[in-house]
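Notes to accompany the following structure.
Only a predicted model underlies this, so the values are computations on that prediction, with no experimental measurement involved.
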Amino acid sequence: MTSRLEELAKLQVEVREQVSSIDRVIAIYEPGYEPTAARSRPFRPDRRDLR
């Protein structure tokens, strides 16, 4: 379980870096662009999983 959490943490860092890169490219083409923080949603299991 710990190794999976570490793997997910690394993936999260990679995704944040990718989003940051995309934001920089958008800012080149749209000078007034202001990136906004993504809102996180609480985890809710799929209803199909609750059966």
Side-chain angles (χ1 to χ4, degrees):
M1 192 71 144
T2 302
S3 64
R4 180 68 176 144
L5 289 173
E6 291 171 354
E7 184 181 316
L8 290 172
K10 288 178 186 178
L11 181 60
Q12 185 179 26
V13 168
E14 289 176 21
V15 169
R16 286 178 192 241
E17 289 173 354
Q18 291 173 355
V19 169
S20 178
S21 295
I22 292 169
D23 284 338
R24 287 192 298 273
V25 170
I26 292 172
I28 290 170
Y29 293 98
E30 296 288 336
Y33 174 73
E34 291 286 333
T36 58
R39 293 180 286 159
S40 62
R41 296 180 295 171
F43 173 74
R44 294 191 181 145
D46 191 340
R47 289 183 181 214
R48 292 174 287 189
D49 295 338
L50 298 176
R51 293 183 193 166

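Legend: side-chain hydrogen bond (donor to acceptor under 3.5 Å, both in side chains) pairs involving residues 7-17, not counting sequence neighbours, sorted by first then second residue: R4-E7.
Between E6 atom CD and L8 atom CG the span is 10.5 Å, to the nearest 0.5 Å.
Hydrophobic side-chain contacts under 4.5 Å tie V15 into a cluster, directly or through other members, with L11, V19.
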